[in-house]
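Remarks on the structure that follows.
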Amino acid sequence: MEQQLIDSFGRQISYLRLAVTDRCNLRCQYCMPAHGIDIVDRKELLTFKEMYRITRVLSELGVNKVRLTGGEPFVRKGFIDFLEMLDFNDLLDEINITTNGALISNHIHKIEQLKVKAINLSIDSLDKQKFAEITRRDVFDEVYKTLETLEKSAINLKLNIVVQSGINTNEIIDFVTLTKHKNIAVRFIEEMPFNGVGQKAVKEVWNYNRIIKEINDNFKNVEKLIDKKSSTSRNFKIANYVGTFGIIPAFTRTICGDCNRIRITATGLFKNCLFDDGVFNIRDFIRNGASNDDLKALFLSLVAKKPKDGFVAEKQRNSDVSESMSTIGG
Ligand code: SAM
Ligand code: SF4
């Protein structure tokens, strides 16, 4: 049998999250400071060819699903060509994308023809003014247009909402109500300190338990759905509503048990866990002449050291969690 990526807890890795850039056209408060992050020199970013090669090698080791993220994937020149290139990898079943949706409306038709099964669209408020405050950019109309176009397309649409205490918690009910007639999966994400600054003080902690309480207090017919293995969210629906909703316990980390994911940042740092601080620089390894067999051996040895959960990964770091999600790839 072909070699597979299996960690010391028996978890099989089949899902790569690849950040295609650290650049972004928005400045979301929970992700980066108003002046942005210190972006790296262009030549420090993985090239699309390098990304293709890394993905191919990983797919030969059992990775069959890739999520392209960033930064904002659509700000990188040539991203659509890269999608088309990746589509040729016959070992990949799904190529998914996480995007802020401000630059994609012209590309949706083309993307529909590819192996792009799902798009996660980040939209933290349904109020134009509040959206502008959160993202520090005035692009709500364009993002909402993307939402409506994607909802009608063949691509599955998930909405990502980072629940921010005192900012958008009063919209949780509005987002659930959106699933009444729209065929979408709304997902509430616990806010994490990946914002370029670090942990901030909040009046009230909006974790998984608080979010589900808010929903249970406001809807009578909340039904629990059966979660797919390795799902990042706990999923529900309101009886008779078309869409579903879920909660991603990103910070309380109760989903690590059957994690099937690894990450590669835009500069080629390999991450076994969102909470580790990058365990190997793949870019330099490749640029120093590594063969595909060298890469395979490397990936097998890295995955063997995948920590049990996000708490163990965080303990092993050299510095506190404060880097921007934009550099990690959310
Ligand atoms: N720019 C794209 C976007 O916003 O969808 C892709 C990259 S973004 C870093 C990926 C996801 O991470 C987004 O859904 C975003 O809301 C989420 N995210 C960013 N910072 C976060 C934080 N501090 N806590 C929780 N989620 C965060
Ligand atoms: Fe950009 Fe996405 Fe971060 Fe917002 S969450 S600043 S859109 S990378």
Side-chain angles (χ1 to χ4, degrees), residues 17-39 66-76 79 95-104 116 118-125 130-140 142-144 146-147 150 157-165 167-169 171 175 184-200 202 205-208 211 232-233 246-253 255 261 263-266 271 274-275 310 314 320-330:
R17 293 200 178 185
L18 178 62
V20 301
T21 179
D22 60 346
R23 274 94 164 142
C24 190
N25 51 330
L26 308 189
R27 294 286 178 272
C28 303
Q29 305 242 11
Y30 52 76
C31 183
M32 56 175 77
H35 54 82
I37 54 163
D38 296 331
I39 53 170
V66 179
R67 170 167 301 284
L68 302 173
T69 177
E72 173 50 40
F74 288 86
V75 301
R76 184 145 182 194
F79 177 63
I95 304 167
N96 295 332
I97 306 172
T98 303
T99 174
N100 61 41
L103 302 168
I104 96 165
V116 178
I119 289 189
N120 290 8
L121 177 71
S122 300
I123 178 164
D124 303 299
S125 175
K130 199 191 290 175
F131 183 93
E133 277 162 31
I134 295 173
T135 61
R136 304 189 179 102
R137 295 289 184 273
D138 183 17
V139 290
F140 178 80
E142 184 57 27
V143 172
Y144 202 81
T146 300
L147 188 161
L150 282 173
L157 176 60
K158 296 181 180 172
L159 302 189
N160 283 1
I161 298 123
V162 177
V163 178
Q164 301 150 70
S165 178
I167 297 178
N168 62 354
T169 44
E171 289 192 68
F175 275 111
I184 51 178
V186 160
R187 290 125 40 90
F188 300 106
I189 307 176
E190 290 177 345
E191 183 172 358
M192 299 177 282
F194 292 110
N195 53 22
V197 185
Q199 187 88 50
K200 55 181 187 193
V202 286
V205 175
W206 278 82
N207 57 16
Y208 177 95
I211 299 168
T232 50
S233 54
I247 305 174
I248 302 183
F251 197 51
T252 48
R253 288 164 258 184
I255 44 165
R261 300 172 283 282
R263 291 182 149 78
I264 294 181
T265 72
K271 285 169 71 76
L274 177 60
F275 286 87
E314 190 175 357
D320 287 343
V321 168
S322 69
E323 65 272 36
S324 163
M325 269 304 245
S326 184
T327 57
I328 304 173

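Order of appearance sets the numbers: ligands from 1, and atoms from 1 within every ligand.
- Note: an N/O pair closer than 3.5 Å links E72 and ligand 1 by distance alone.
- None of Q164, K130, E133, E171 except one satisfies the side-chain hydrogen bond (donor to acceptor under 3.5 Å, both in side chains) rule with S125; the exception is E171.
- The backbone N or O of V20 lies less than 3.5 Å from a partner atom in the side chain of R76, making a donor-acceptor pair.
- Checked against a 3.5 angstrom limit, the closest N/O atoms of N160 and ligand 1 fall inside it.
- Counting the atoms of ligand 1 from 1 in the order shown, those under 4.0 Å from a heavy atom of G71 are 1 (N), 2 (C), 6 (C), 7 (C).
- By the 3.5 Å distance cut-off applied to N or O atoms, S122 is counted among the residues near ligand 1.
- Using a 4.0 Å cut-off between heavy atoms, N195 makes no contact with ligand 1 at all.
- Counting only heavy atoms of the protein, atom 3 (Fe) of ligand 2 lies nearest to C31 SG, 2.5 Å.
- Nearest protein heavy-atom neighbour of atom 26 (N) of ligand 1: V162 CG2, 3.5 Å.
- Smallest separation of non-hydrogen atoms from I328 and R263: CG2-CD, 4.1 Å.
- At least one donor-acceptor pair closer than 3.5 Å links the side chain of N96 to the backbone N or O of A118.
- Proximity of a side-chain donor or acceptor of T146 to a complementary backbone N or O of G101 within less than 3.5 Å is detected.
- The single protein non-hydrogen atom nearest to atom 8 (S) of ligand 1 is G70 O, 4.3 Å, given as residue, atom name and distance.
- Where the criterion is an N or O separation shorter than 3.5 Å, residue side chain and backbone included, M192 meets it with respect to ligand 1.
- Looking only at protein heavy atoms, the nearest one to atom 6 (S) of ligand 2 is C28 N, 3.3 Å.
- Some N or O of Y30 is nearer than 3.5 Å to an N or O of ligand 1, by distance alone.
- Contact record, P33 with R136: C-NH1, 3.4 Å, taken as the closest heavy-atom pair.
- Of all heavy-atom pairs spanning S326 and C24, the tightest one is OG-CB, 4.4 Å.
- Smallest separation of non-hydrogen atoms from T21 and A266: C-CB, 3.5 Å.
- Separation of atoms CE (M325) and CE (M32) is listed at 11.0 Å; rounding is to 0.5 Å.
- Taking a cut-off of under 4.0 Å to the non-hydrogen atoms of E190, the atoms of ligand 1 that pass are 25 (C).
- Ligand 1 places these atoms under 4.0 Å from at least one heavy atom of E191: 24 (N).
- The contact set between ligand 2 and N100, taken as ligand atoms under 4.0 Å from a residue heavy atom, comprises 7 (S).
- With hydrogens left out, the protein atom closest to atom 8 (S) of ligand 2 is C24 SG, 3.7 Å, a heavy atom.
- For atom 12 (O) of ligand 1, the nearest protein heavy atom (residue, atom name, distance) is M325 CE, 3.8 Å.
- At least one heavy atom of T99 sits closer than 4.0 Å to an atom of ligand 1.
- Close approach of ligand 1 to N100 is summarised as follows: ligand atoms under 4.0 Å from at least one heavy atom of the residue are 2 (C), 3 (C), 5 (O).
- Looking only at distances, a side-chain donor or acceptor of D124 sits under 3.5 Å from a matching main-chain atom of V162.
- Residues meeting the side chain to side chain contact (heavy atoms under 4.5 Å, CB included) test with N25, sequence neighbours left out: E72, V75, N100, A102, L103.
- In this structure, R253 is positioned above the aromatic face of F251, its NZ or CZ under 6.0 Å from the six-membered ring centre and within 45° of the axis.
- Interface atoms of ligand 2 facing M32, defined by a heavy-atom separation under 4.0 Å, are 6 (S).
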